[in-house]
Each structure stands twice: as C-alpha cells, then as structure tokens.
Amino acid sequence: MTRRLRLWVLTAGLLATAALYVAACTDLPAFGGSWHPYGDRAVRAALQQHTANAVSSVNFDQRAFDTLGEETVLFSSVLGTVVLLRRTRGEKRVAPGPAEVPAALRRYGLLVLPVTLLIGLYVIAHGQLSPGGGFQGGVVVATSLHLLYIAVDYKALERIRPLGLFELADGTGEAAYILLGAAGLIAGSAYLANTLPLGTFNTLSSGGTVPLLNAAVGVEVTSAVVVLLAHFLGQALEIESEDGAKDGGREA
Amino acid sequence: MSLLPYLIAGWVFLVGVHGIATSRNLIHAVGCLAVTQSSTYVLLLAVGYRKGATAPVFSDLPVDAPVVDPVVQALALTDVVVGATVTALLLALVVQTAKRHGTVDPDELSELKG
Amino acid sequence: MNWWLAAALALVTGGLGPCLWGAARGSAGRRVVAQNMATLLLCLVFLLLAQGYARPSYVDLALVVAVLGPAGTLVFTRLLGDEIGENPPGLRLLTPAVLVGAPATVVPLCIATGPGRAMGKLVLIGLLLIAGGIVTSAAVRRA
Amino acid sequence: MHDALIVVVLLLVAAAATGAVLQRDPARQAVVLSALGLTLAVLFTVLQAPDVGLAQLAVGSAVTPLMILLTVRKVRRKGRRE
Amino acid sequence: MDRLLPLIVVVPLLGAAVLVAAGRHVPRPVAEAVAGLAAAASAALAAAALAGPPEVSWVGAWRPQDGHSVGIVLVGDRIGLGLAALTSLLVVAVLAYSWRYFDEPPHGHGGAFPALVLLFQGGMCGFALTGDLFDAFVFFELMGVVGYALTGYRVEEARPVQGALVFGFVNSLGGYATLLGIGLLYARTGELGMAQVGRELDQAADAAGHGADALVVAAFVLVLTGLLVKAAAVPFHFWLPDAHAVAPTPVCMLLSGVMVEMGGYGAARVWTTVFGGPGGVPAAGARRTLLVLGVGSALVGALMCWQQRHVKRLLAFSTVAHTGLFLTGIALLTPHGVAGTALYVLGHAGAKAALFACTGILLDRHGSVDECELHGKGRGIPFTGLLFAAGGLALAGLPPFGTSLGKALVEERSPWLPALFVLVSAVTGGAVLRVAARVFLGAGQAGREDDEGPETTGGEEEPETGRRVRRPPVPMVTVAALLLAGALAVGTVPALTGAVSAAAEAFTDHAGYAAAVLDGRPAGRPEGPYDWWTWTGAGLGLLSAALAVALAARSVGLESRAVPWSAPLRRLHSGHVGDYVAWTVAGIGLVSLLALW
C-alpha cells in the first residue's frame, strides 16, 4: 500500500475517531465532580479492612484478582523476553571491556546504591500505609542494583547478580502470590479472601494479607526487572554473532 | 476547564497512533505506542478526580477527609505495569528483527506479503 | 493564597516548560542536560507540592526522584556518550542551579515543618539532590 | 491555584507527547520519553494520585530509557557493521 | 463448587510459576509432564464446574451489598465454562503434540515453552470466565503478551519476528482502545462489572426516558474495537495471517482453535450483558455492525484463502473467513444464532487444529509448507493425507461434522444466509482439498508456475524438530486424529446440542444474567425442545461439500490460483506495521459509522 494511500486511510480514521471521542466527552460528567460511588464504597471497605492506603487495599484486597493478572502479565513478559533474547546457535558471548569511569562517579555509585536499596525496601514495606507498594518499590530496588553498571561497570554488576537465583525468585514470587490466595480458600472463605487478622490501623502489620501480597509482588517485580535488564544488557553488550563480519541471521 | 483533561487524553491517543502509522523506525514506533498508552492514564485519572479532595492515603490524613477515587488509581497502576511489560517485549522483538532483517525500517521488511 | 503552590506553579512553568523545550530540540548533549535539569526541578516541585497540599506522605515521591533522577541521567551519559560532544549548551547552568535551588527550597521547608523526622527526610533529600547534581553534571562534561 | 496547576501540567503533557512523537531519531526520542514520564508523574501528583506517580517515576526515569538505549545500541552496532 | 471457579484460571499459572522457578534443574520430559498435568487439572475443574449448576464466584468474598460490590465476579455460565474447557482440552492436545518437539529449548530453561503455553491457557480461561470489564482487559493483555512471545519463538528466522511484531502492535492498540471505552463507561455508570454497568445504563435510561447517547455508543465502539481486533474481523484482521504463517505449529493450533474465537465470544458477551438492555445500543445498530463486519470478513477471508501457496497462511485466511461466519451467526442476536455459532466454534476448533497438526507433520518431514514445492511428496504418509482431507471436508461443512450442524442451525434463521455460508464453506474447504490433492495425491502439474507477484511462499522453512523426521511421530498423528474425532462428536452427540441450546438461551438473556450475578437468582432453564439435524440443513451441508470437491478438482489442473481482479486486495496485505495500524484506526471509524447510522 503506497505511503499516500496509507496517509489517506490514517487521516480518515483519526478524524472519525476524534469526532466519536469528542462527542463522547461532551456527555461525560464535568471534570472534578463529586459523584464517585465505587470510590466511596472502596474507601469504606479499605478502612473496614484497616488498610491506610486505600489504593493498596483496592489493589491487593478488593480487586486482588486484577493484580494477580497484572503480575502474571509481568511474569510472562519476562519469560517471553528470556525466550526471545536467548543466545541462538550462531552467537557467542564476549565479555565487554571495563568502562573507564571517573572516581567521583564510582564513589557516588557505591554510596548511593545502599541508600536506594533502603528506599526501595521502605517503599515496599510501607505499601499499605504511605504511597508506594510492591511494584514501585520492586522497580526502585532493581534500579539500585543496576547503579553498579551505570556508575561502575558491567563486570561489577554481574558479580552481584546471579541470574539463576533471580529467576528462582521470580517464579517463587508469582507462586507465593497464588498460594497466598489459596490460603483464603483453605480458611473456608473465597479465593484471595483476606482472612488473616487485620491488626491495628496505620501500623506496619495492618491489613491482613495486604502486606504479604505486597511483599510477594515486591520480590517478583525486583527479580523480574533484574532478569529483564540482564537479557537486554546481555544482547547489547555481550552477545556477538560467531564470526564478527557475518551476522548470525540472514545475510543482508 | 471541565473538558480539557478528556480532550488532552484524546489528543495524546491520536498523536501516538499517528506516530506509529507514519514511523520509519520500529524503536520510534514502540515509543509512540508508549505515548498512545499514556493517554489511558490521563483519561482514567481525570475521571476519578474530585475538586478540593486529596489522595486516599490515610496515614497522614483524618479518616473523614474528602478523597479522590482510589479505584481509578488502582486501574492506572495496573495499566502502567502492562505498558512497561509490552514495551519491553516489543523492544526484544525489535532487537531480533534488526538481527534477522538487518534493518528496523518497516518499509524494508518484506517477508510477509500477499 | 497558597505560596507553596504558587512557587510550584512558577517552577513548573518557568523551569519544567523550558526543560521540555530543551529536551525536544537540539543536540543530544543539550537534551541530556535538559533532562538532568528537569529531574532536579521535579524533586523541588514535589517538595513544594507536598507542603502546599499539606500531605507529608508526598515527600516519598521527592525521595525517589532524588535517587532515580541522577541514575536516569547517568544512563543517558553512559549509553549516549559518543553523541554528547565536549561542551553541550546549558551545562554551565547545572551545578549552580543545584547548589542554589536545592537549599533555597529545602531550608524554608525545614523551617515550615519544624524539627523532627520529617525535617531529617528533607535534609536527606537535599543532600542526595546536591550530590546527584554535582556528579551527573561532571559525568556529562566528561562524556 | 489547584486548577491553574492542573491546566499547565496538562498542556505540558500534551506538548511532551507531541514532541516525543515528532522526534524521529529513537536515541533522542528516549530523552523526550523520559521527560514525558517526568511530566506525567507531576500530573498524577497534581491529580492527587501519588501511587501512580511513583510507579510512573520508577518505570519511566531509569528502566525504560535503559531498555530503549540498549536496543538502539544493539541495532546501531549491527547496522554500522553491515 | 463456586469457590473453585478461580482455580480454573489459577492452576495453569501456578504450573508455569513452578516450571520457571525450577527452570534450570528440571529435565525436559519432567517439565513437559508437569505442564500436561497442570493443563489436565484445569480441564478437569472446568468439566466438573460444567457438570454442576451454573454458579457465580465473587473473588475475595466481596459479595454485593444491596446490589453493589467492590470485588470482581467470575461467572460460571455454560458458554464461558464451555470455552474454558475447550481451551484446556486444546492445550492438553498441544502439549501432547509438541512432546519433545522443539530441537533445543533455551539453555537452562527446559520448561520455557510449556510454561508459556500454560500462561496462554490461564489468560484465555480468565478471559472466558470473568464478569468484569477491566479484568477482561487484563486477561486480554495477558493473552496478547504470551501470544507475541509464542509467535516469535523461533527467533533464528526472519519471518517469525516480523509476524510477532505486527501481532504485538495491532493487538496492543486494540487493547488500549478497549481501555478508553472502559474508562468512559466507568465515568458514566461508576461500575466496572458487566452486569452492574448494564443495570446502571438501564436505570439511567428509565430515568432519562431516552436510550443511548453519544457516550454510550462511543464506549460500545471503543470496547468492541479491541474485541474485533482479537476476533480478526475485517479491517482489523491483517495481523492474523502474518502471525499464523510464522508461529510454531502447536501455537497455530491454539491461536486459530480458540484464541480468535475469544474475540467473538467477548463481543457477544459485552453486547448482551452491557449494551443489550434499554439503556444500551439499539439492537438494530449492533446487528448491522456485526453483520457487515461478519460478511466482509467471510468474503475477504475466502477470497484470499483460495489464492495462497503457503499452507499455514491459507489456513489462517480460512480462520478469518470462518470468524466472519461466527460474527454473522452472532449478529442474529437470537438464542438459535448463538447456539449454532457455539457448535460451529467447537467443530471448527477440532477441524482447524487437526489441519494445522497435519501441516506441522509436512513441515517437519519436508522442511516446507509451500503447496507447489510439496507437490506429490505426501504420498509416503497416506494416513496424514486422509486426516488432512477429512479436515477439509469438515471445513466445507460435510455432515455429520460439528461445523455442518452449527451452520445448519444458523442458516435456517434467514433466507440469504445459506448462500453466504455455502459459498464461503465451499471456497475454504475447496482450497484445503486442493492442497490435499496436490500434496498427497500428486494430482495436477508439479509446481511449475513461478511466483505470481510479491507473495509469501512457504518454501525453505526450517523444520521445527531440528532435523527432518522420517516417519511422522506417533503423538503428532494421534493428536490430529483425536481432534478430528472431537469435531465429529460435536455433530453426532444430541445431548451436547441440547446443552448448548440451553446455554445459548441463558447467554442471550440480558436481564437473566444480571439477576444471576447480582441478585443470586440463577434463572432456571427448562430443558426445552431443541432442534437438531434437519433435512434442509444436511442438504445444504452436502451441497457445500460437493461444491468444495468440484472446486478442488477443477483447480488442481489449473495453471495458477490467482484471481486477477483481487490483486489490489492482495497488495493491501503488505506486512507493514504502519498500514495495519492505519487500517485499525480506520476500522474504528467504520464501526462508529455502522453503530451510529
């Protein structure tokens, strides 16, 4: 299809979609209105479950099945990337040379890494109290590990990142979330039911299963992001086609 | 003011789609797909906003204060995760396309026709 | 008239807008500098918003930006290294902006919040910001 | 004051999104996408959604740009050798 | 039993998690056995749930108080559970088919492929069972993400990565359009469950006195977009042939067998529960939309299917054609239409999966799926040829196959439908029979004709089993035979037709669904009289089968398959991401025109 025809089809589609969407916007309730029935019910339920952060309560208690689906999307995307970015037959792994890094940057990296790690763990732990949660904290922890690559060099990162362990943690995090859900069934209530004691409001152990699910998601997200970045780093820095000139795939 | 957030969401969606359709580089197209997806965050959170209300996190707030809708925030959070993972997977496919086809320009990918 | 929000609005229009303009146009070096400046401004904006909305829990956002912002800039310098060139425009502004901007925001906030755990967190954010700013601008200069 | 902030940040998000789409070179687009992520985080905070803002910050500031730039590096290194 | 509904979705996910966690230390046969076990367990749970009365399960015990709840509902109605059971059975068949199939799995990940297939099963079962719009979007994305990874599994070759990329872009865009629609519905009704949104729309319509306004129609169009992309209806169908032509054969069996049907099921489910009441989109608008898209898909699919050399692409276009017929059946919006379509889907899943299985055997034996290159080479494996021909006849609608019974039930509803059904079945069945004749009987000239125009040939493909197999492996042939037997059973077992007809009654009942989900009053369905084989139905089936054989016989000797006036249509299928995205957005415009008219 020629570029011109594609532009015509695209413009027609965009105009029609825009018209449809603007017509819909005129019937939407005004921005900032006070009619939020589901939200009010969710806040009441969150307070009843002694969970200070209502968003975490919706995520890990009221609509926990959505979060199970979301974590499984992350889990399968990482598994897909492991499969897609694997080293195929005609490729070999070449360790990249050490990158020359100014001393100040190296010191900054080594100093800030533990601080970032602590912040990430703090965000996971306080998931059901202050803003944050398993996913946000998990990504911060994973980024802190990669400070070694950014501020020091790739070899330093590889030393502290055994891939087998992180893949095990990835699978364990996903299985932990599912089994925590099954605990509700075993306790006689429904799947993913919050049957643990709810604890006192606004404390670290409040909210029954919410902090546990938070921790499971934190473990899984941390290891997922580490494995994901490991394979992207591997492809970009290490994997070369067998004989440098001819590429492993089709000759252009 | 009462329609601006919704219209901005619509504009971001359409700009993103235009970017994908006219892109000459697959990595650029993946970036435009991420832009298209950010329109859904804007619409969801604009739908849940309440004037004069604050975030529904009661660690530092009296329990009866007016708050914004937490459900849309949970939906937007799930959407951010889905967006990041789809971007990662499509980038992995782009890496392999570059290896196998020697190019990332959609016009030069000629394998599947007819 | 909420002065904290007014300051935040000024920082957003006066700072974040031009940073976006810098990030969208020009050479790769200029874009990385703009991105670095944007992360700095963002941290200050989050601090002001936290105080303006009277929600101390929003400070966590500033804490995460103070750490991840420089990491993002270091990613760009490490991987765009060869494209950045010797002296990208606007680099000279970075270090003074950090040294002036961070204290100018953190000190009044510390006075407003009074001594205690919250003030400790603010000071930590200020230090992280200054350290990050100096190191990243040095890294960009030497890229 | 609340509305003014919302309007300004919304316009910045639209500008950043348009800039990200119009920038055809992927390496430079990565920088604009990172800026778009930051602006979105401010928008979410202004709309009183700190959790979503934190998630967008965590993903958009370091992880996504790193992946895009590693892909660009792999594609460019492969292209240069051809 | 209702507490076990979520387990149907969760058991495969747990299996995948265990396989990945133990990735490095588990030998390959153990990994594939564990995967088979998890899939079979989920199938058993689905069958057990089907045996019991229809139930509703609120996840997390968040039951509704005075009609409103904060939780997510899984609805165990017959059609949804039937699709979940079909998915699980197909996954068990695929895992058996691909037993020690791929040459070498990624090192350190013996269980990667079975784990991805289990995740695919979890995503599809979740989509079939959920009664919540946003939950359906999450499982839609899960199916998508796993589908892209599985389609691009053979990264050493150029085509799979391009097919997977196109599949990824178009399906993600469809998903985001659906999410915009869900956002609009949430803004209007303040609910996310399908039954709840439907009830809120109806109450708003009673209060306001008028039916759907611009927002409801826009939400209908946007939500339907993602589902139609998944169902590969014209003009959203472009990704399907590219993804099918390149995906590994076991994945093709799942994609064509049940994932594409999920799109049609989703469209029917969303229309009936959300927009089917007085507050939703008027029935005339929905019928017109589904009818036009269905007929368009059927004709385009059949026309393109007839001209393909690449056998997998030929089967993919036949899936587009038959999906068009599914949408036409659903467009009747009557219990008969849904019952016929459901039987048609069951029969088609068996037949199409068996055809892909036989194609996989050809690929692994001769390293090619090109009709001309394979000319006469299939003589050594007569039994596979027999299965291939039987699959072709099933597609052509030969009684007593399930496909023929499904078509018969739908055809009686309106005068001009039989013509469309017979024509499309004859053309697609004829194309398959033509391939069977040329490959297995060596009929007609050898592959002399050169390449007419830029077209994807099926030549020089890598066999998926690493080295070429002399005798077709036993698991592959038995799976193909069992799938065809299943398609035959669908058409011959009267009890199944009775159950499906009763299920269709419940499926198309807008108020009954809301009552069952929200007020816990499952509508008792009397086992009313259901119609089964009729003389006209069987006659039409025989006619289309005879037409197919005639078409195949005549075209075997012909010099080339190309239909000259359809060259512009063939150029539209360009494999270019930008084209497909442009067509998707144009499709949104087309659907909104049809719905608003």
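Just so it is clear: chains get the letters A, B, ... in the order the sequence lines come, proteins before strands, and each one is counted from 1. Please read all numbers here as calculations on a predicted model, not as lab measurements.
Neither the backbone nor the side chain of E:V216 comes within less than 4.5 Å of any heavy atom in chain A. Both the backbone and the side chain of E:H68 come within contact range of chain A, judged by heavy atoms closer than 4.5 Å. Residue contact with chain A, scored on non-hydrogen atoms closer than 4.5 Å, is absent for E:V161. With a 4.5 angstrom heavy-atom cutoff, E:L119 touches chain A only via side-chain atoms. Neither the backbone nor the side chain of E:S57 comes within contact range of chain A, judged by heavy atoms closer than 4.5 Å. Within the 4.5 angstrom heavy-atom criterion, no atom of A:W8 approaches chain E. In this structure, chain A has a heavy atom under 4.5 Å from the side chain of E:L7, while its backbone stays farther away. Heavy atoms closer than 4.5 Å to chain A are found in both the backbone and the side chain of E:A115. Heavy atoms closer than 4.5 Å to chain E are found in both the backbone and the side chain of A:L20. Of the atoms belonging to E:V18, not a single heavy atom falls under 4.5 Å from chain A. For E:W58, the part lying near chain A is the backbone, with the side chain staying farther off; criterion is any non-hydrogen pair under 4.5 Å. Looking at E:V145, the atoms closer than 4.5 Å to chain A (heavy atoms on both sides) all sit in the side chain, from C-beta outward. Heavy atoms closer than 4.5 Å to chain A are found in both the backbone and the side chain of E:L192.
The line from CD1 of E:I72 to CD of A:Q62 is 10.5 Å long, rounded to the nearest 0.5 Å. Rounded to the nearest 0.5 Å, atoms OG1 (A:T81) and OH (E:Y148) are 13.0 Å apart. With values rounded to the nearest 0.5 angstrom, A:R6 atom CZ is found 11.5 Å from E:Y580 atom OH. Residue A:T72 holds its OG1 atom at 6.0 Å from CG of E:L142, rounded to the nearest 0.5 Å. Put simply, CZ on A:R3 and NE2 on E:H576 are 7.0 Å apart, with the number rounded to the nearest 0.5 Å. Annotation: the span from E:W583 atom CH2 to A:L10 atom CG amounts to 11.5 Å, rounded to 0.5 Å.
In terms of heavy-atom pairs under 4.5 angstrom with chain E, the leader among A:H36, A:Q49, A:R44 is A:Q49. Of all the listed residues (E:G122, E:G587, E:A214), the one sharing the greatest number of non-hydrogen pairs under 4.5 Å with chain A is E:A214. When each of E:E191, E:Q65, E:E141 is scored by its heavy-atom pairs under 4.5 Å with chain A, the top score falls to E:E191. For the set E:L180, E:L222, E:L572, E:V585, the entry with the most heavy-atom pairs within less than 4.5 Å of chain A is E:V585. Of the residues considered (E:G126, E:P568, E:G578), E:G578 shows the highest number of contacts with chain A, using heavy-atom pairs under 4.5 Å. Comparing E:L150, E:V146, E:V59, E:L590 by heavy-atom pairs within less than 4.5 Å of chain A, the highest count is held by E:V59. Contact count versus chain A (heavy atoms, under 4.5 Å) is highest, among E:A149, E:A586, E:G190, for E:G190. With respect to chain E, the highest number of heavy-atom pairs below 4.5 Å among A:A16, A:S76, A:A23 belongs to A:S76.
Residues A:D27 and E:L215 come closest through the heavy atom pair OD2-N, 3.4 Å. Closest non-hydrogen pair, E:V70 versus A:Y38, comes out as O-OH, 2.6 Å. In plain terms, the two heavy atoms of E:A112 and A:V83 that are nearest each other are CB-CG2, 3.7 Å. The two residues E:A21 and A:G171 come nearest to each other via the heavy atoms CB-CA, 4.0 Å. Heavy atoms only, all atoms of each residue included: A:A24 and E:A218 are closest at CB-CB, 3.5 Å. Closest of all the heavy-atom pairs between E:G60 and A:A190 is N-CB, 4.0 Å.
Side-chain contact between E:L14 and A:L179 is present, with at least one heavy-atom pair separated by less than 4.5 Å. Taking the side chain as every heavy atom from C-beta outward, A:E91 and E:E156 never approach each other to under 4.5 Å. Between E:T130 and A:F65 the shortest side-chain heavy-atom distance does not fall below 4.5 Å. The side-chain heavy atoms of A:V82 and E:V20, taken from C-beta on, include no pair separated by under 4.5 Å. A:L68 has its side chain out of reach of E:V9: every pair of non-hydrogen atoms, C-beta onward, lies at least 4.5 Å apart.
Checking side-chain atoms of E:W62 against main-chain N and O of A:D61 turns up a donor-acceptor pair under 3.5 Å. Under a 3.5 Å cut-off, the side chain of E:R3 and the backbone N or O of A:S189 do form a donor-acceptor pair.
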